[in-house]
Amino acid sequence: MSEIKLSAQLRDTFGKGSARQARRDSLTPGVIYGHGNDPKHVNVEAHGLMMALKTPNVLLSLDIAGAGTELVIPKAVQRHPLKRTISHVDFLIVQKGEKVTVEVPVVTEGELAAGGNLLETLLTTITVEAEATHIPTEVTVSIAGLEAGATVHASDLVLPAGTTLAVEGDIAVLQVVAPQAEEPAAEAAEGTEA
């Protein structure tokens, strides 16, 4: 995963008023923390940040005016409840070669065995530990030919090199269930008349 470069600036005013002003100026307030450093309060270019956050666990290189560059990953993203715009982001400082624990989306590929079986997704993401500069964008699971009763556990997932599970291997991720038989229409009508 390549890093995305964004410009940022340190902020020295806090509170709702300064945050609203930053958003009016097309900036998103955020905090950078980690590695025992004092937190840095920043404003980041809003559009570039919004586009970057479309990728889960994106690696960002924040060029902070007058304060150097920080390599970070988004740790917590707050959104406006109605507009869904980004209102604040917490960034975690990372270093090349360092391992981080993140949640990665689970994606399926292939078709289930014939028979109208249904795929039940129990986990949409899986927690893994990976090098900060090589975080996988997703974990792909083949469901080709799986029949009713089959379960895919976390230990069955094929992870990229250098990535390990950060959860128990026996946790169910997906399962295949048989379709439920529907009541015939005539019996359902008789039941409602009684």
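Looking at every heavy atom in both residues, Leu10 comes nearest to Lys40 through CD2-CB, 4.2 Å. Here the shortest heavy-atom pairing between Lys96 and Leu71 reads CG-CD2, 4.1 Å. Closest heavy-atom contact between Gly97 and Glu131: N-OE2, 3.3 Å. Of all the heavy atoms in Arg11 and Asn43, the pair that sits closest is CD-OD1, 3.3 Å. Shortest non-hydrogen contact noted between Gly116 and Pro179 is O-CG, 3.3 Å. Of all heavy-atom pairs spanning Pro74 and Leu53, the tightest one is CG-CD2, 3.5 Å.
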Quick one: do Ile86 and Val77 satisfy side-chain contact (heavy atoms from CB on, under 4.5 Å)? Show the steps, please.
CA-CA 7 Å; Ile86 299 168; Val77 179; 4.1 Å; yes
Check the pair Phe91 / Leu60 against side-chain contact (heavy atoms from CB on, under 4.5 Å), numbers first and verdict last.
CA-CA 9 Å; Phe91 298 103; Leu60 300 171; 3.6 Å; yes
Is there a side-chain contact (heavy atoms from CB on, under 4.5 Å) between Leu49 and Val89 once you walk through the steps?
CA-CA 10 Å; Leu49 180 62; Val89 180; 3.8 Å; yes
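Here the CD atom belonging to Glu120 is positioned 4.5 Å from the CD atom belonging to Gln175, to the nearest 0.5 angstrom. Rounded to the nearest 0.5 Å, atoms OG (Ser142) and CD (Glu111) are 10.5 Å apart. Between the CD1 atom of Ile135 and the CD atom of Glu103 there is a distance of 12.5 Å, given to the nearest 0.5 Å. Atom OG1 in Thr140 sits 5.5 Å away from atom CD in Glu109 (nearest 0.5 Å). Note that the CG atom of Leu112 and the CD1 atom of Ile143 stand 4.0 Å from one another [nearest 0.5 Å]. In this structure, the separation between CG on Leu59 and CD on Glu3 is 5.5 Å, given to the nearest 0.5 Å.
The closest side-chain heavy-atom distance from Ile64 to Glu70 is below 4.5 Å. Between Val139 and Val107 there is no side-chain heavy-atom pair separated by less than 4.5 Å. Side chains of Val152 and Val106 form no contact here, defined as non-hydrogen atoms less than 4.5 Å apart. Counting only heavy atoms from C-beta outward, the side chains of Thr101 and Val128 never approach each other to under 4.5 Å. Inter-residue side-chain proximity for Ser61 and Ile4 is flagged as unmet; no heavy-atom pair is nearer than 4.5 Å.
Residues Leu118 make up the rest of the hydrophobic cluster containing Val177, defined by ILVMFWY side-chain heavy atoms closer than 4.5 Å, directly or through other members.
Other residues, nucleotides and ligands contribute more than 12 heavy atoms inside 6.0 Å of the CD atom of Gln21.
With respect to Glu45 and Lys5, no salt bridge is recorded, no charged nitrogen being found less than 4.0 Å from a carboxylate O.
The cluster map of Ile, Leu, Val, Met, Phe, Trp and Tyr, joined by side-chain heavy atoms under 4.5 Å apart, puts Val104 and Leu122 in different clusters.
Applying the side chain to side chain contact (heavy atoms under 4.5 Å, CB included) test between Val141 and each of Leu146, Val173, Leu174 identifies Leu174 as the sole match.
Residues satisfying the salt bridge (charged side-chain N to carboxylate O under 4.0 Å, His left out) test with Lys75, not counting sequence neighbours, are none. Judged as a side chain to side chain contact (heavy atoms under 4.5 Å, CB included), and not counting sequence neighbours, Ser26 has no contacts.
Residue pairs satisfying the ring-ring contact (aromatic ring centres under 6.0 Å, His included) criterion with at least one member in residues 41-81, sequence neighbours excluded, are listed as follows: Phe14-His41.
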Side-chain donor-acceptor distances from residues 153-172 under 3.5 Å, at least two apart:
residue : atom : partner : partner atom : Å
Ser155  : OG   : Gly169  : O            : 3.2
Asp156  : OD2  : His153  : N            : 2.9

Going by atom type alone, with no hydrogens or angles, which donor-acceptor pairs under 3.5 Å involve a side-chain atom of residues 27-36 and a protein atom two or more places apart or on another chain?
residue : atom : partner : partner atom : Å
His35   : NE2  : Ile93   : O            : 3.3
His35   : NE2  : Glu98   : OE1          : 3.1
His35   : NE2  : Glu98   : OE2          : 3.3

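For the pair Arg23 (side chain) and Ser87 (backbone), a donor-acceptor distance under 3.5 Å is present.
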